[in-house]
Each structure stands twice: as structure tokens, then as C-alpha cells.
Number of protein chains: 2
Amino acid sequence: MEDNTARFEKLLVKNGLKRTAPRLQVLEILSGRDSATSQPYLEQVMGKDADRVTLYRVLQAFEEKGIIHKVLDQQGTANYAICSDGCSAHEHHDEHVHFNCDNCHKIYCLDTVKIPALKVPAGFKVDRLNLIATGLCASCSDKVN
Amino acid sequence: MEDNTARFEKLLVKNGLKRTAPRLQVLEILSGRDSATSQPYLEQVMGKDADRVTLYRVLQAFEEKGIIHKVLDQQGTANYAICSDGCSAHEHHDEHVHFNCDNCHKIYCLDTVKIPALKVPAGFKVDRLNLIATGLCASCSDKVN
DNA sequence: ATTATATTTGCAACATAATTGCATTAAAAT
DNA sequence: ATTTTAATGCAATTATGTTGCAAATATAAT
């Protein structure tokens, strides 16, 4: 599947968004990475191809439509990853665990790991869960040993 | 136990920190609240009693010593809460669940709720866990009904 | 009590991150 | 082709966090 572009264009149209260069570029970059991508990184890679403000707005629009989801890392920096197919504007299915590596600082979406059920005190109504595990990723713990 | 001040002074001395007005004030404010407190709120309450920079440094020093711990809310804003007694500079015991209310935006430390054990893919080494639940707190879900 | 010291504070300047308004441009609809 | 609507880029502004340094203050030493 080399023709990502066509796929992305469809994705945009489906969500009522126009097919513009900055938007396609963001989708290309995000899809080409195995972990969530920080806003600063995107900004750096895109360079002068797109204004900083445009990037913010693209990310915001994508998030609202459920095309991408935001994960905050330990420092509170926003990181973005393309949502799996189940996501939509109204129903995010990103309740999987995010893994933040202390060494390479990548953020992995561990789609296979589900967050166990949780007992909360009476009266509390849980709507969403966000679990961030920190430590060493498989690749980095290999190198250390 | 109305004499918090004496208690706080001891806490500072124990951690090799001098007993200064801004530090005591931060401890007073944090201890008087039932949920984690955001940096902006602290800044607002302290007003011109302390410089913004001082506040940052006080919070940083407290965190390093294990006197308080930081929780990031959904927006990535730093929130602080006094650690329970088990905490120290070297060993934070803040692996409990934090609850972020959508309505009042308070952050509760649910000390009683433990994070369930987690299965991660081979090679990943988990060091710390941070689980944020979002929804309605007991007080707010009461009001709604 | 006074002085010495080491820490802490407050200020100024700077750096980074994010938002808003508005004119211009580009995409889609007619 | 023209119109309409959405998106971009720029400038200005606000929020957030950091650093260096001189002045002030808490504690230890005398």
C-alpha cells in the first residue's frame, strides 16, 4: 500500500476537511512513525512548509474529528498518533496504555494492552482512562544489556 | 491540630530547606485543599506575596525532596499535592490513581485505589505508572442528579 | 548579640509554547 | 468561470517556564 495519499485524501473528505498540503503532510509524517510524535518534532520536520499556527490548527482539527489522538508525555508535551480505525469524532477508542521510554523518549501506543477495570470510591463516575507507563522500551532495554 | 506551621517548619528542616515565608505559604495552601492544586491557582492566590520564579523554585525543591508530587491534568497543566508520609526524595509512592473531574476540574488523589498489574509486550520494562481517570467526581455527579 | 556563610528571593531578561484577529489564498460547489 | 466557504500565513499578543545575578534573609559560628 504505497498510495497513502489517496487514502489520506479520502480520510479528510470523509471528515469534511479540505484536502490541503499541510494536512496531507502531517498525515504522512505521523503514519511513517512507530510512536507518537511531538508537536515540536512536527514543527521541525515541516520547517517552513507550514506555519506554526497552521500546524496547531491542523492538529486541533484532526483531534476533534478523531483522526488523531493526543498523548501527554511526562513533561506535559503534546504528542500525536493516528487513531486506529475504531475512532471517530464522538467516540475515541484510545483507552490503551501509552508507554513512555526514559531513554529514547518515544511514546508507544500499546494497543494490545487493555487497562484493567478500576474500582473508584462511591459517587465517582469514570468516563475516560489514561494510563502512561514509563520505563525502558524493548529496543532500549536491549541496548543497555 | 491547628498548629500546622510548626509541623511544616519541621518538615522543611528535616529536608534541609530553610524555613521561609513563601515555602510555608505554599504548604499552607496545599494542605488546605482536598485536591491537587494547579500552579496557576497557586500563583493567583499568592499574588504579590511571592514572585512567580520563587513559586516555581519552591515547587521544584519540594518535588525533589518528595514533599509534594506533581500530577499533569488532561491539558498538561501541572498540579501539586502534598505527598503522603511514605514519600521521600528517593522513593515516591504516588502510584495511585488521580481523578480529574470534567465539571469542577479538581484533581483527586485516590490513595485507596491501586493501579492493577499490567501486562506489557516482551522487552518493555515498566518503572512507573501514571493513571488518570476522567469523569465526574462524587460531589459533581450529586449536583447533576 | 554580632558577624559570617550559605541559601533563598526577586528582578530583569530571555526562551518557548500557544492563541487570536485579519487579510489573503486555495479548494470545492455552483 | 464564478462564487462560496474553508484554510492558510502573518503579526501581535498572552501564557508558561527558565537563567543569571544582585540583594535580602535564615541559620550557624563566634
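Reminder, nothing fancy here: chain letters follow the sequence lines and each chain counts from 1.
Residues meeting the side-chain hydrogen bond (donor to acceptor under 3.5 Å, both in side chains) test with A:Asp51, sequence neighbours left out: none. Shown here are the salt bridge (charged side-chain N to carboxylate O under 4.0 Å, His left out) partners of A:Glu28, two or more places apart in sequence or in another chain: there are none. A search for salt bridge (charged side-chain N to carboxylate O under 4.0 Å, His left out) contacts involving A:Arg57 returns nothing, not counting sequence neighbours. Listed by chain and number, the residues in a side-chain hydrogen bond (donor to acceptor under 3.5 Å, both in side chains) with B:Ser35 amount to none (sequence neighbours excluded). Judged as a side-chain hydrogen bond (donor to acceptor under 3.5 Å, both in side chains), and not counting sequence neighbours, the contacts of A:Thr134 are A:Gln74. For the side-chain hydrogen bond (donor to acceptor under 3.5 Å, both in side chains) test, no residue two or more places apart in sequence or in another chain qualifies with B:Gln75.
Every pair passing salt bridge (charged side-chain N to carboxylate O under 4.0 Å, His left out) that includes a residue from residues 30-39 of chain A is listed here, sequence neighbours excluded: A:Asp34-A:Lys106. Residue pairs meeting the ring-ring contact (aromatic ring centres under 6.0 Å, His included) criterion with at least one partner in residues 118-143 of chain A, sequence neighbours excluded, are A:Phe124-B:Phe99, A:Phe124-B:Tyr108. For residues 9-42 of chain A, the set of pairs meeting the ring-ring contact (aromatic ring centres under 6.0 Å, His included) definition, not counting sequence neighbours, is empty.
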Summarise protein proximity over nucleotides 9-19 of chain C in one line of letters, 5' to 3': B for base, S for sugar-phosphate only, - for none, counting protein heavy atoms closer than 4.0 Å.
-> BBBB----SBB
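Over its full length, the helix from C:dA1-D:dT30 to C:dT30-D:dA1 turns its helical axis through 30°, comparing axes from the five pairs at each end and rounding to 10°.
Think of the region where chain A sits on DNA chain D: with heavy atoms and a 4.0 Å cut, that region ends 5' and 3' at D:dT5 to D:dA11.
For the residue pair A:Leu12 and A:Arg19, the shortest heavy atom distance occurs at CD1-CA, 3.8 Å.
Summarising the geometry, the separation between CG on A:Leu24 and P on C:dA26 is reported as 16 Å, rounded to the nearest angstrom.
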